[in-house]
Amino acid sequence: YPNCFTLSAEDCDSPIKWAFEISPWKDDSRAIVEWVQWLVGHGAQMVGFNNVGFDYPVLHALLQMGKATPQILYDKAMSIIHAQDSNRFASIVYPSDRYIEQIDLFKIHHFDNKARSTSLKALEFNMRMDNISDLPFPVGSILTREQVPVLLDYNAHDATATKRFYHQSIEQIEFRAALSKKHGRDFMNHSDVKIGKEIFQMELEKAGVQCYKYGPNGREPAQTKRASIAIKDCIPDFIHFENPEFNRIHQWLKEQVIVDTKGAFKVEAMVDGLEFVVGTGGLHASVNNRVYEADADYMILDIDVTSLYPSIAIGQGYYPEHLGTQFVSTYRTLRTQRIGYKKGSAENAMLKLALNGVYGASGDKFSIFYDPLFTMKITIGGQMMVLMLTEWLMSVGLEIIQANTDGVTLHLPRVQLANVRSICAEWEKLTDLTLEHVQYSKMAIRDVNNYLAVSLDGKVKRKGAYEHDMEWHQNAGALVIAKVAEQVLVHGKPIRETVVNWPDKMDFMLRCKVPRSSHLLWGETQVQNTCRYYVSTEGQSLTKVMPPLAKKPDHWRRIGVESGWTVCVCNDLRDATMPIDYSYYISEIEKLVLGMK
């Protein structure tokens with residue numbers, strides 16, 4: 001705000017809070033500088049959410065000047081925001097230049113990746129906070145004296161939300177601190193994938209591999225660029241098919257030459273009533289709307305390739321051309337290290353993402369690992385290997401439930417288990433890959449992307465619409481739908497009775513978000529742009545009001561949220577006073593459970 005700058009902070013491990021203001025009514029400029037000096041003297045670190053990209057550069061400007069007006073700090077903030085699209089690194093203050101260390105939860109959780117982009121408001125929803133507060137006044141407003149305390153309350157709430165998320169992130173932070181100490185370099189604000197890629201790069205450089213070249217433009221990543229890729233060069237020579245449809249796919253692929261690796265092709269085949277799809281996005285095949293249960297005669301067996309992408313590179317000796325064979329040796333070393341860490345540990349998770357992340361980086365035009373031929377060798381070669389395994393397994397008289405990029409799921413007579421294991425062993429020997437076997441007691445499959453699978457020990461694997469143990473960047477809204485669907489499909493519970501008696505009312509909450517260029521109307525009352533609500537019999541409609549399109553410049557678009565239903569908005573949980581409309585949730589659950597056979 002041009003006439004008011006505020007700063008709120010909270011101690012991570014105690015209820016101590018600070019609040020500062022620079023406005024026409026108060027000037028805490030010097031107090032802020034002295035406070036930061038006091039923090040530095042006590043060896044403190046600042047924890048924030050996107051603070052490396054936004055909050056700290058603004059604070060740094062104030063610290064450099066020693067005193068600043070709200071207008072100067074507002075202009076600095078706006079320059080950072082406006083540079084986001086053109087050059088998001090323009091305002092970054094590098095670690096060596098900072099007055100105080102910064103820990104950025106936004107970066108640690110990789111929310112700066114477009115596919116994982118997440119706001120603090122979305123986290124407040126996922127953390128089920130009593131209150132979800134959005135910016136109280138439009139950006140750029142000239143605030144009155146009476147509005148400043150409202151802004152400070154909002155800031156304090158955000159600091160509390162950040163503190164809560166900090167405590168959810170302790171393991172990741174401690175792991176980065178230990179890693180930074182071990183390697184003598186700063187990993188504190190790296191995502192798991194970035195850590196992994198840097199560790200990989202360090203190992204390569206230790207072995208004498210040159211990862212960068214230096215020229216008139218400074219340092220540039222060493223890369224192998226390709227004008228085109230012949231797919232026949234991506235398929236191992238040992239791949240062979242007897243089935244005419246699989247063979248047709250094989251032959252068609254060998255004739256293709258591509259210039260782009262993203263969505264370059266997709267080819268389909270119908271085999272034994274199941275549609276198999278092969279493409280740059282992976283291998284997919286699945287029955288639809290089916291429920292399988294293991295019994296005395298039949299079993300459900302899931303067969304997956306262990307660490308598919310790294311294992312293919314290691315087993316087949318694939319590497320980005322400019323990095324040479326040392327790349328394969330490094331891949332093998334890091335995979336061995338990962339096996340040494342317990343599953344679920346921060347180290348194991350980081351190395352898993354590193355191993356897979358290096359494969360992903362081979363398609364990144366800014367990465368030292370860039371070589372699209374390497375990408376396609378793993379992508380296409382892997383699919384062909386799994387498809388060949390699928391064909392071999394079909395020969396023993398069983399049903400393919402699903403096939404995907406890294407494995408296949410079977411419904412087979414128990415008497416055929418020995419034959420299946422023999423086929424798998426032969427395939428492992430040929431491909432130099434390892435297969436993992438998991439038995440399920442039950443599977444409920446809506447389609448290839450949405451299913452439930454129950455292992456013999458009772459653990460449930462959930463995909464797509466059936467997931468309810470959400471990651472932080474996912475929308476954890478209306479979890480009652482997935483949770484009750486699981487109770488119905490796995491335990492045979494009745495839908496209506498289970499929903500009506502569901503004990504956790506937070507599971508009924510949904511979330512809607514619109515950008516600042518738009519707004520939300522509850523009935524005809526404008527509500528905040530990140531909005532928590534639930535479907536209620538006594539509520540009002542919720543509507544997105546979006547900017548006009550070029551064809552109709554005077555027509556603001558109105559798009560219904562939960563169209564046909566009324567909702568109760570409750571960004572403050574004290575407002576959740578209206579009765580839940582259970583029929584909405586029941587209808588959504590029925591979409592996940594009815595029609596299964």
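- A donor and an acceptor atom, one from each side chain of Glu203 and Thr330, are nowhere located under 3.5 Å apart.
- In this structure, Val420 and Leu398 have side chains that are in contact, with non-hydrogen atoms separated by less than 4.5 Å.
- With respect to the salt-bridge test (charged N to carboxylate O, under 4.0 angstrom), the residues Lys232 and Glu255 do not qualify.
- Two residues are said to be in side-chain contact when any heavy atoms from C-beta on lie closer than 4.5 Å; Leu334 and Ile199 meet this criterion.
- Side chains of Ser441 and Ile300 form no contact here, defined as non-hydrogen atoms less than 4.5 Å apart.
- Interatomic distance, OG of Ser119 versus CG of Asn50, reported as 11.0 Å (0.5 Å rounding).
- Glu293 contributes atom CD, which lies 4.0 Å from atom NZ of Lys442 (distance to the nearest 0.5 angstrom).
- A donor-acceptor pair under 3.5 Å is formed between the side chain of Ser191 and the backbone N or O of Lys194.
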Can you check side-chain contact (heavy atoms from CB on, under 4.5 Å) on Asp233 and Ile229, steps first, answer last? CA-CA 8 Å; Asp233 296 334; Ile229 297 170; 5.8 Å; no

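- Distance alone, capped at 3.5 Å, is enough to place a donor-acceptor pair between the Gln256 side chain and the Trp252 backbone.
- Among Tyr94, Phe54, Tyr99, the one residue that satisfies the ring pair (Phe, Tyr, Trp, His ring centres under 6.0 Å) test with His60 is Tyr99.
- By the 4.5 Å heavy-atom criterion applied to side chains, Pro320 and Thr224 are not counted as neighbours.
- How far CG of Asn247 is from CD of Glu391: 8.5 Å, rounded to the nearest 0.5 Å.
- Tyr298 and His411 have parallel rings, their planes meeting at less than 30° on a 0 to 90° scale where 60° marks the start of perpendicular.
- Side-chain atoms of Asn450 come within 3.5 Å of backbone atoms of Ala465 as a donor-acceptor pair (strictly under, hydrogens ignored).
- Under the side chain to side chain contact (heavy atoms under 4.5 Å, CB included) rule, Lys197 has a single partner from Ile368, Asp192, Val358, which is Val358.
- Counting only distance, with no hydrogens or angles, the side chain of Gln223 and the backbone of Lys225 share no donor-acceptor pair below 3.5 Å.
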Decide yes or no on salt bridge (Lys or Arg N to Asp or Glu O under 4.0 Å) for Arg164 and Glu124, but give the supporting numbers first. CA-CA 9 Å; Arg164 184 177 292 195; Glu124 288 175 17; over 6 Å; no

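- Salt bridge Glu245/Arg248: present, at least one basic N to carboxylate O contact under 4.0 Å.
- Ion pair Arg462/Asp469 not flagged as a salt bridge, since none of the NZ, NE, NH1 or NH2 atoms sits closer than 4.0 Å to an Asp/Glu carboxylate oxygen.
- In this structure, Phe165 has its ring center under 6.0 Å from that of His109.
- Aromatic pair Phe200/Tyr331: ring centres closer than 6.0 Å.
- Using cut-offs of 30° and 60° for the angle between ring planes, the Phe276 and Phe246 rings count as perpendicular.
- Panel note: side chain Gln326, backbone Ala207; no donor-acceptor pair is recorded below 3.5 Å.
- Crowding of Phe366 atom CZ: a count of heavy atoms from other residues, nucleotides or ligands under 6.0 Å not exceeding 12.
- Between Thr261 and Thr375, the side chains place no donor N or O within less than 3.5 Å of an acceptor N or O (distance only, hydrogens not considered).
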For a side-chain contact (heavy atoms from CB on, under 4.5 Å) check, start with the C-alpha distance between Asp371 and Ser362, then their side-chain angles and the critical distance, and finish with the verdict. CA-CA 5 Å; Asp371 182 350; Ser362 67; 5.6 Å; no

Intermediate values then yes/no, side-chain contact (heavy atoms from CB on, under 4.5 Å), Gln402 and Tyr451: CA-CA 11 Å; Gln402 289 185 332; Tyr451 63 87; 3.2 Å; yes

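- Expressed to the nearest 0.5 Å, how far CE of Met385 lies from OG1 of Thr431 amounts to 6.5 Å.
- Not one N or O on the side chain of Asn419 forms a donor-acceptor pair closer than 3.5 Å with the backbone of Val396.
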One pair to check against salt bridge (Lys or Arg N to Asp or Glu O under 4.0 Å): Lys461 and Glu467. What are the steps and the verdict? CA-CA 8 Å; Lys461 180 181 179 181; Glu467 289 183 13; over 6 Å; no

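- Taking 4.5 Å as the limit, some side-chain heavy atom of Leu592 sits within range of a side-chain heavy atom of Arg446.
- Shortest non-hydrogen contact noted between Val52 and Asp104 is N-OD2, 3.1 Å.
- Remark: the backbone N or O of Ala476 is not paired with any side-chain donor or acceptor of Arg511 at under 3.5 angstrom.
- A salt bridge links Glu471 to Arg116: at least one charged side-chain nitrogen sits closer than 4.0 Å to a carboxylate oxygen.
- By the neighbour-count criterion of 12 heavy atoms within 6.0 Å, atom CZ of Phe241 is densely surrounded, having more than that number from other residues, nucleotides or ligands.
- For the residue pair Arg290/Tyr292, the side-chain donor-acceptor check at 3.5 Å is satisfied.
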Apply salt bridge (Lys or Arg N to Asp or Glu O under 4.0 Å) to Arg421 and Glu426, showing your working. CA-CA 9 Å; Arg421 292 200 185 282; Glu426 185 181 347; over 6 Å; no

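- Counting heavy atoms from C-beta outward, Asp272 and Ile400 have side chains that stay 4.5 Å or more apart.
- Between Thr306 and Leu433, the closest side-chain pair of non-hydrogen atoms is not below 4.5 Å.
- Note on ring orientation: taking the six-membered ring where Trp is involved, the planes of Phe106 and Phe111 are perpendicular (angle over 60°, cut-offs 30° and 60°).
- Judged by distance alone, the side chains of Asp302 and Thr409 do bring a donor and an acceptor atom under 3.5 Å apart.
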For a side-chain contact (heavy atoms from CB on, under 4.5 Å) check, start with the C-alpha distance between Arg338 and Thr336, then their side-chain angles and the critical distance, and finish with the verdict. CA-CA 5 Å; Arg338 186 200 163 201; Thr336 303; over 6 Å; no

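- Under a 3.5 Å cut-off, the side chain of His468 and the backbone N or O of Ala482 do not form any donor-acceptor pair.
- The CG atom of Asp112 sits 4.5 Å away from atom NZ of Lys107, with the distance rounded to the nearest 0.5 Å.
- Atom NZ of Lys463 has 12 or fewer heavy atoms from other residues, nucleotides or ligands within 6.0 Å.
- Side chain of Ser455 to main chain of Lys459: a donor-acceptor pair is present (N/O by atom type, distance under 3.5 Å, no hydrogens or angles).
- No donor-acceptor contact under 3.5 angstrom links the side chains of Arg176 and His190, judged on distance only.
- Closest approach of Ile303 and Cys424 over heavy atoms only: CD1-SG, 3.8 Å.
- Side-chain contact between Lys262 and Thr280 is absent, with no heavy-atom pair separated by less than 4.5 Å.
- Ring centroid separation for the pair Tyr309 and Tyr359 comes in under the 6.0 Å cut-off.
- Note that CG of Asp406 is 4.5 Å distant from CG of Asp304, once rounded to the nearest 0.5 Å.
- Panel note: side chain Asn189, backbone Gln102; a donor-acceptor pair is recorded below 3.5 Å.
- For Phe369 and Phe374, the gap between ring centers reaches or exceeds 6.0 Å.
- Of the residues Thr379, Ile239, Ile231, the one that meets the side chain to side chain contact (heavy atoms under 4.5 Å, CB included) test with Met384 is Ile239.
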